[in-house]
2 protein chains.
Amino acid sequence: MPKLGSCNVFLRATFGIDPGAEIGRQLGELATQVQVMRGQEVQTDPADTTLVFLASGATKLGAQASRERHQIVAFHFGGDIFTVPAVSMHRYMLIGLCESTLTTFPARQFYDRAASNPWIMRALLERSQTALFRCRDKAVNLGQKSAGERVAGFLLAMWERLDASEGPSPMIDLPMSRGDIGESLGLKIETVSRQFTKLREAGIIDTHGRSGVSLLDLPRLAEQAGYYDRNTVPPRPEWVERKPELVP
Amino acid sequence: MPKLGSCNVFLRATFGIDPGAEIGRQLGELATQVQVMRGQEVQTDPADTTLVFLASGATKLGAQASRERHQIVAFHFGGDIFTVPAVSMHRYMLIGLCESTLTTFPARQFYDRAASNPWIMRALLERSQTALFRCRDKAVNLGQKSAGERVAGFLLAMWERLDASEGPSPMIDLPMSRGDIGESLGLKIETVSRQFTKLREAGIIDTHGRSGVSLLDLPRLAEQAGYYDRNTVPPRPEWVERKPELVP
DNA sequence: CGCAGATTTGATCGTCCTCAATTTATGTGG
DNA sequence: CCACATAAATTGAGGACGATCAAATCTGCG
């Protein structure tokens with residue numbers, strides 16, 4: 001196994017480029033292989049955006065709002081590609097949820113070298129937009145939803161992103177603590193716990209130890225999450241006027 | 001003035017390409033010129049992401065969490081480039097805050113045609129990341145900050161993005177209503193109003209009519225927003241272990 | 001088996017929401 | 001130019017949800 005194994009996997013799987021190719025070599029030069037354990041921070045450049053490929057494991061990207069307040073902005077799992085912003089309004093930290101292997105690149109230099117390759121740029125753009133759309137959904141949840149809706153929505157999101165056991169009541173293994181969940185949802189740990197209890201008492205989920213969650217009733221869980229039924233037409237608020245005018 | 005004037009301005013100003021060039025012509029074919037008045041919705045494709053260039057005016061991008069709950073995810077001003085996502089978890093709507101002129105493109109097709117041009121792809125990627133970083137900051141605010149901090153932070157953000165009169169106490173002209181501000185900050189209109197009153201009584205701001213705001217004391221406003229002083233080193237929470245291990 | 005940390009549960013408090021009533025701003029017609 | 005109409009913004013009182021503080025219980029691991 002070559003020493004930049006993880007990077008090569010990344011380049012091949014994500015962009016379909018041969019690591020032996022010139023562009024692969026050039027990008028590989030920028031790579032830093034990092035391994036972190038649970039709770040450890042991945043060092044990123046405070047002055048520039050860092051591009052990260054998470055080969056295996058799971059991480060959380062958190063921001064410090066002030067000394068005692070932290071917001072988890074995103075969770076990442078094996079295969080994810082994302083960026084850690086430079087310090088600006090808030091300070092961001094990338095921290096392992098479990099033992100994780102990742103490859104980091106200085107974003108600016110990576111883009112400079114990859115610019116000539118349409119495939120890579122296209123892939124990066126789409127990934128960036130995925131992250132943006134997910135973040136916007138998070139903003140909607142944080143701004144408009146109750147504690148119960150947020151927790152139910154969180155479980156559904158994890159069910160979609162984590163490997164769940166098959167069957168009518170799939171089981172997932174949460175790699176993050178209740179505290180992490182709270183910091184992600186803008187809730188305190190006690191509130192998260194109480195919502196878990198409510199869902200358990202309602203027969204919608206069951207918990208096994210600290211990390212195991214059985215989703216006993218997915219339809220009802222989705223209902224608790226407060227989303228529209230995606231099969232119904234989303235109603236349009238009456239206060240929006242509908243007269244788009246195409247300029248001749 | 002050619003009929004795609006706004007589009008040409010967009011292509012030249014943003015990507016530095018000559019609209020007469022082949023690529024300019026190809027992209028111009030995809031453009032739709034739209035003009036909206038205050039409160040009108042810009043029609044976007046529910047099935048695909050729409051790329052939007054806002055030539056002049058101001059808009060809000062809102063999401064419906066449910067019939068009675070809306071979250072404004074971003075405000076845009078003249079010169080901004082952004083995307084309106086297809087319907088997924090939530091339904092997004094782009095609405096004019098005042099009379100606005102904009103050019104829309106089907107994102108997928110635009111990317112297909114622009115892929116061969118590294119400059120354009122690079123510019124799109126950077127804009128997308130800017131939007132992502134701004135959205136993450138919004139998530140931090142929504143998840144962790146009090147009503148007072150959110151309103152103060154909002155005023156600072158608008159001061160940076162809008163044209164403010166010069167001088168020690170700059171004045172800005174908000175194009176959005178108190179209701180819009182509330183929907184953006186995850187607060188009710190009454191709460192926003194009360195926070196404005198508090199800031200006014202503290203001598204930090206002054207209001208003129210519905211839209212005028214004088215920022216009388218920027219340092220104290222920043223203090224109210226609850227950000228770190230950017231000149232101090234952001235403290236590191238003690239629960240984060242710092243032993244990143246570089247793989248040999 | 002025992003320990004440390006994570007989670008759950010309980011009681012109380014504070015912030016923001018809700019509902020309702022005024023007051024103020026804007027723009028339209030006299 | 002002013003009076004009026006309408007919508008927006010402000011103010012007030014009361015209530016609900018989630019935070020806070022405190023204690024008990026459970027989990028996973030040595």
Side-chain angles (χ1 to χ4, degrees), chain A residues 37-39 65-66 68-71 97-99 141-152 154 173-202 205-213 224 226 238-239 241, chain B residues 37-39 65-66 68-71 97-99 141-152 154-155 173-202 205-213 224 226 238-241:
Chain A
M37 306 297 287
R38 184 172 204 289
S66 66
E68 291 304 322
R69 290 181 297 181
H70 301 266
Q71 173 71 36
L97 290 173
C98 56
E99 185 170 355
N141 286 332
L142 291 175
Q144 302 294 334
K145 304 235 173 158
S146 69
E149 290 172 318
R150 290 186 218 180
V151 170
F154 169 81
D173 216 54
L174 299 176
M176 68 289 284
S177 69
R178 297 284 187 275
D180 288 330
I181 297 172
E183 287 192 347
S184 167
L185 300 178
L187 301 170
K188 292 298 159 191
I189 182 172
E190 298 95 326
T191 303
V192 174
S193 179
R194 271 184 256 269
Q195 297 304 328
F196 267 81
T197 303
K198 271 192 187 172
L199 290 171
R200 197 183 318 110
E201 288 176 345
I205 67 169
D206 200 4
T207 55
H208 308 96
R210 267 166 198 164
S211 64
V213 181
Q224 295 291 317
E238 50 301 311
W239 50 265
E241 301 174 28
Chain B
M37 307 296 287
R38 182 172 205 287
S66 67
E68 291 303 322
R69 290 180 298 180
H70 301 266
Q71 174 70 36
L97 290 173
C98 56
E99 186 170 354
N141 286 333
L142 291 175
Q144 302 294 333
K145 304 235 171 155
S146 70
E149 290 172 318
R150 290 186 219 179
V151 170
F154 169 81
L155 289 173
D173 215 54
L174 299 177
M176 69 289 284
S177 68
R178 297 283 187 275
D180 288 330
I181 297 172
E183 287 192 347
S184 166
L185 300 178
L187 301 171
K188 291 299 159 189
I189 183 173
E190 298 94 328
T191 304
V192 175
S193 179
R194 272 184 256 268
Q195 297 304 327
F196 268 80
T197 302
K198 271 192 187 172
L199 290 171
R200 198 184 317 112
E201 288 176 346
I205 67 169
D206 201 4
T207 55
H208 308 95
R210 269 167 197 167
S211 65
V213 181
Q224 295 290 317
E238 50 302 309
W239 49 265
V240 177
E241 301 173 30

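Lettering of chains follows the sequences in order, A, B, ..., and the numbering in each one begins at 1. Since the structure is predicted, the reported quantities are computational estimates derived from the model, not experimental observations.
As rounded to whole Å, 15 Å separates atom C1' of C:dG10 from atom NZ of A:Lys198. With rounding to whole Å, A:Arg178 atom CZ is found 11 Å from D:dT27 atom P. Between A:Ile189 atom CD1 and C:dG5 atom P the separation is 14 Å, expressed in whole Å. Between B:Lys188 atom NZ and D:dG14 atom C1' there is a gap of 18 Å when expressed in whole angstrom units. Spacing between atom CG of B:Asp180 and atom C1' of D:dA9 amounts to 13 Å, rounded to whole angstrom units. Summarising the geometry, the separation between CE on A:Met176 and C1' on C:dG5 is reported as 19 Å, rounded to the nearest angstrom. The CZ atom of A:Phe196 sits 7 Å away from the P atom of C:dT8 (whole-angstrom rounding). Between the CG atom of B:Leu185 and the C1' atom of C:dC16 there is a distance of 13 Å, rounded to whole Å.
Panel note: side chain B:Glu99, backbone B:Arg38; no donor-acceptor pair is recorded below 3.5 Å. Judged purely by atom type and a 3.5 angstrom limit, B:Ser193 has no side-chain atom pairing as donor or acceptor with the backbone of B:Ile189. With hydrogens and angles ignored, the 3.5 Å screen pairs a side-chain donor or acceptor of B:Gln71 with a backbone N or O of B:Ser184. A:Arg178 places a side-chain N or O within donor-acceptor distance of the main-chain N or O of A:Arg210, the cut-off being under 3.5 Å.
One donor-acceptor pair, N or O on each side, does fall under 3.5 Å between the base of C:dT18 and the side chain of B:Arg194. Remark: the A:Glu190 side chain and the D:dC21 base include a donor-acceptor N/O pair separated by less than 3.5 Å. Side-chain to base pairing of A:Arg210 with D:dT27: one donor and one acceptor N or O lie within less than 3.5 Å of each other.
In the set C:dT8, D:dA9, D:dG18, the nucleotide with an atom closest to the side chain of B:Ser193 is D:dA9. Closest to the B:Ser177 side chain, of the nucleotides C:dC16, C:dT18, D:dA9, is D:dA9.
A:Gly186 comes within 4.0 angstrom of the backbone, heavy atoms only, and of no base.
Under 4.0 angstrom from either OP1 or OP2 of D:dG18 there lies no side-chain N or O belonging to A:Thr191. Contact between the side-chain N/O atoms of A:Thr197 and the OP1/OP2 oxygens of C:dT9 is found at a separation under 4.0 Å.
Where A:Ser211 and A:Arg150 each meet DNA chain D at their nearest nucleotide, the meeting point lying more 5' is that of A:Arg150.
From A:Met176, atom CE reaches atom SG of A:Cys98 across 9.5 Å, with rounding to the nearest 0.5 Å.
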